[in-house]
Amino acid sequence: QVQLVESGGGLVQAGGSLRLSCAASGRTFSSYAMGWFRQAPGKEREFVAGISRNGDNIAYTDSVKGRFTISRDNAKNTVYLQMNSLKPEDTAVYYCGADDTWRTTRVLTSGDGVDYWGKGTLVTVSS
């Protein structure tokens, strides 16, 4: 089992940047494919970015490509989401998720594969 704690959210103006972190504790962090998801008010939770166990494989939803970067540091048990050129429509609670998988190339692209969730961190982008 793994426990996930997100941090780094806050209020930022449109065009600004934030870096989210998700710290993991429990089982070996490198055993998990990781992903970032978000849920805007009144909407369902959606996939944002995913990264494989060793970081070699990455996926993004189209709306964040070129603006967001997912990365991980297995030595620090942490996955990051660097968010640049933020837009008001990026406003949401951001969650990290972990997929306990033996496949080193597996990349999360939906919430269906998530075994563990963090509690989320709120990102608000003002216009």
Side-chain angles (χ1 to χ4, degrees):
Q1 201 168 13
V2 65
Q3 292 77 44
L4 304 172
V5 179
E6 301 95 336
S7 61
L11 174 63
V12 64
Q13 288 189 332
S17 298
L18 283 174
R19 188 175 84 153
L20 305 183
S21 299
C22 173
S25 60
R27 272 192 56 196
T28 306
F29 181 64
S30 59
S31 299
Y32 299 92
M34 299 297 297
W36 285 97
F37 301 79
R38 65 186 179 187
Q39 186 167 20
K43 295 187 176 181
E44 293 186 353
R45 185 154 51 187
E46 64 173 357
F47 165 76
V48 176
I51 188 167
S52 61
R53 288 173 49 182
N54 60 9
D56 285 350
N57 299 88
I58 288 173
Y60 298 98
T61 192
D62 285 346
S63 63
V64 308
K65 284 181 180 177
R67 300 190 298 123
F68 291 10
T69 303
I70 189 171
S71 62
R72 67 188 295 162
D73 186 337
N74 285 348
K76 295 182 178 180
N77 295 345
T78 304
V79 61
Y80 304 96
L81 186 68
Q82 177 67 44
M83 304 186 296
N84 298 328
S85 303
L86 282 161
K87 304 175 181 180
E89 52 264 42
D90 294 318
T91 294
V93 177
Y94 283 71
Y95 299 90
C96 69
D99 173 18
D100 187 0
T101 177
W102 59 269
R103 292 166 54 192
T104 58
T105 58
R106 165 134 169 94
V107 179
L108 280 168
T109 56
S110 79
D112 293 343
V114 174
D115 295 310
Y116 304 100
W117 291 99
K119 293 186 177 181
T121 184
L122 176 62
V123 172
T124 303
V125 184
S126 63
S127 56

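Heavy atoms only, all atoms of each residue included: R72 and F29 are closest at NH2-O, 3.1 Å. S52 approaches D56 most closely through the heavy-atom pair OG-N, 3.3 Å. Residue V2 comes nearest to A24 through the heavy atom pair CG2-CB, 3.7 Å, listed as atom of the first residue, atom of the second, then distance.
Residues R67 and K87 meet the side-chain proximity criterion, which asks for heavy atoms closer than 4.5 Å. Counting heavy atoms from C-beta on, the side chains of W36 and I70 come closer than 4.5 Å.
Here the side chain of E6 pairs a donor or acceptor atom with the backbone of C96 at under 3.5 angstrom. Put simply, the side chain of T28 never gets that close to the backbone of S30: no donor and acceptor are under 3.5 Å apart. For R53 (side chain) and W102 (main-chain N/O), a donor-acceptor pair under 3.5 Å exists by modelled atom type.
Contacts of R106 classified as salt bridge (Lys or Arg N to Asp or Glu O under 4.0 Å), with partners at least two apart in sequence or in another chain: D99. Taking the salt bridge (Lys or Arg N to Asp or Glu O under 4.0 Å) definition, one finds that D112 meets it with nothing, sequence neighbours left out.
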Could you pull out all donor-acceptor pairs under 3.5 Å where a side-chain atom in residues 113-127 meets a protein atom, sequence neighbours excluded?
from: D115; atom 1: OD2; to: D100; atom 2: N; distance (Å): 2.7
from: T121; atom 1: OG1; to: G9; atom 2: N; distance (Å): 3.1

Only distances under 3.5 Å count here; give the side-chain donor-acceptor pairs of residues 77-84 to other protein atoms, sequence neighbours excluded, each with its distance to 0.1 Å.
from: T78; atom 1: OG1; to: K76; atom 2: O; distance (Å): 2.8
from: Q82; atom 1: NE2; to: N84; atom 2: OD1; distance (Å): 2.9
from: N84; atom 1: OD1; to: S17; atom 2: OG; distance (Å): 2.9

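Within the structure, ring pair (Phe, Tyr, Trp, His ring centres under 6.0 Å) pairs that include any residue of residues 43-65 comprise F37-F47 (at least two apart or interchain). Within the structure, the salt bridge (Lys or Arg N to Asp or Glu O under 4.0 Å) test picks out the following pairs touching residues 32-52 (sequence neighbours left out): R38-E46, R38-D90.
In this structure, T91 OG1 and L86 CG are separated by 8.5 Å, a value rounded to the nearest 0.5 Å. To the nearest 0.5 Å, atom CD1 of residue I51 and atom CD1 of residue I58 are 4.0 Å apart.
Connection of V48 to L4 is established within a shared hydrophobic cluster, with ILVMFWY side chains joined at heavy-atom distances below 4.5 Å, either directly or through further cluster members. Note: the hydrophobic cluster containing F68 also contains V12 (ILVMFWY, side chain heavy atoms under 4.5 Å, direct or indirect links).
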